[in-house]
Amino acid sequence: MKKFLFAVVALSLIVACGENTAVDSSKNGVVVEKKNVYDLGADIYNEAAEKLRNVKSESEIEALENEFQDALDALENSKEMAEYVTCVRSGDTVALKKYDASRKRLEDAAAAYSSALLDAYMQCGK
């Protein structure tokens with residue numbers, strides 16, 4: 001019985017920490033890539049940076065900042081974040097390695113966002 005219970009728990013961890021896989025959407029037959037928390041975070045930063053490049057006033061920057069913060073808050077409470085936390089808590093270093101490339105992408109996106117934010121404030125301050 002203990003072996004069976006252990007197998008079920010191990011299988012649950014493997015599923016939760018599994019690789020990014022393509023998911024077939026049954027509605028349209030479209031294949032969509034499942035993203036992890038770092039990929040989603042990078043998308044949020046990149047989208048915000050792109051929007052910041054087109055602002056005309058400080059009030060627009062503030063509105064984008066609020067939208068950006070709401071998106072990050074939603075990500076923090078997402079299913080993908082829960083999956084990541086499960087992997088971290090499990091201590092499964094093999095499963096956590098899949099996040100390495102995404103982590104670099106997030107760091108680059110955050111740097112681009114910071115640069116775009118500084119540029120936007122400089123442009124609006126002229």
Side-chain angles (χ1 to χ4, degrees):
M1 186 66 172
K2 286 182 183 179
K3 288 181 181 180
F4 178 75
L5 182 60
F6 181 77
V8 170
V9 170
L11 183 59
S12 297
L13 285 173
I14 290 170
V15 169
C17 298
E19 291 292 324
N20 287 351
T21 57
V23 177
D24 185 11
S25 172
S26 60
K27 292 180 182 177
N28 299 329
V30 177
V31 175
V32 178
E33 185 71 21
K34 181 180 175 190
K35 294 186 175 187
N36 67 42
V37 70
Y38 287 118
D39 287 330
L40 294 171
D43 290 346
I44 291 169
Y45 275 100
N46 286 329
E47 182 180 326
E50 187 62 36
K51 289 179 180 180
L52 283 169
R53 290 184 184 97
N54 299 315
V55 297
K56 304 288 185 228
S57 68
E58 286 189 23
S59 62
E60 285 183 54
I61 295 172
E62 290 174 17
L64 285 173
E65 283 292 297
N66 289 333
E67 181 182 317
F68 171 72
Q69 191 58 52
D70 290 344
L72 288 180
D73 290 344
L75 180 60
E76 188 172 338
N77 297 312
S78 70
K79 176 184 73 167
E80 291 81 8
M81 180 62 82
E83 289 173 359
Y84 176 70
V85 169
T86 300
C87 283
V88 169
R89 288 184 180 158
S90 74
D92 186 354
T93 56
V94 174
L96 289 172
K97 285 223 182 268
K98 73 177 183 177
Y99 291 98
D100 288 345
S102 300
R103 185 177 300 119
K104 174 68 173 134
R105 183 172 172 248
L106 177 63
E107 290 169 0
D108 292 345
Y113 168 79
S114 295
S115 178
L117 182 61
L118 181 60
D119 289 346
Y121 272 115
M122 289 175 62
Q123 286 290 21
C124 291
K126 288 184 177 180

Which heavy atom in [X] sits nearest to a heavy atom in [Y], and how many Å separate them?
| X | Y | result |
| --- | --- | --- |
| Met81 | Leu75 | CB-O, 3.4 Å |
| Val55 | Ala120 | CG2-CB, 3.7 Å |
| Ala71 | Ile44 | O-CD1, 3.6 Å |

Is any side-chain heavy atom of [Y] closer than 4.5 Å to one of [X]?
| X | Y | value |
| --- | --- | --- |
| Cys87 | Asp92 | no |
| Val37 | Glu83 | no |
| Asp108 | Tyr45 | no |

Quiz item: Which residues pass the side-chain contact (heavy atoms from CB on, under 4.5 Å) test with Asp100, sequence neighbours left out?
Solution: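 side-chain contact (heavy atoms from CB on, under 4.5 Å) list for Asp100, sorted by chain: Lys97, Arg103.
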Quiz item: Checking side chain to side chain contact (heavy atoms under 4.5 Å, CB included) for the pair Phe68/Leu64: CA distance, chi angles, key distance, verdict?
Solution: CA-CA 6 Å; Phe68 171 72; Leu64 285 173; 6.0 Å; no
Taking atom [atom1] of [X] and atom [atom2] of [Y], what is their separation to the nearest 0.5 Å?
| X | Y | atom1 | atom2 | value |
| --- | --- | --- | --- | --- |
| Tyr99 | Asn36 | OH | CG | 5.5 Å |
| Asn46 | Arg105 | CG | CZ | 6.0 Å |
| Leu40 | Leu106 | CG | CG | 10.0 Å |
| Asp43 | Tyr38 | CG | OH | 15.0 Å |

Practice problem: Go through Asn66 and Glu62 one step at a time and tell me if the side chain to side chain donor-acceptor pair (under 3.5 Å) criterion holds. | Solution: CA-CA 6 Å; Asn66 289 333; Glu62 290 174 17; over 6 Å; no
Self-check item: Residues which pass side chain to side chain donor-acceptor pair (under 3.5 Å) with Asn77, listed by chain and number, not counting sequence neighbours
Solution: none
Quiz prompt | For Thr93, side chain to side chain donor-acceptor pair (under 3.5 Å) partners two or more places apart | solution = none
Quiz item: What pairs meet the salt bridge (Lys or Arg N to Asp or Glu O under 4.0 Å) rule with one or both residues in residues 45-61, with sequence neighbours excluded?
Solution: Glu47-Lys51, Glu50-Arg53, Lys51-Glu67
Please list, one pair per line, the donor and acceptor atoms closer than 3.5 Å that link side chains of residues 112-119 to other protein atoms, with sequence neighbours excluded.
residue, atom, partner, partner atom, Å
Tyr113, OH, Glu65, OE1, 3.2
Tyr113, OH, Glu65, OE2, 2.1
Ser114, OG, Ala110, O, 3.1

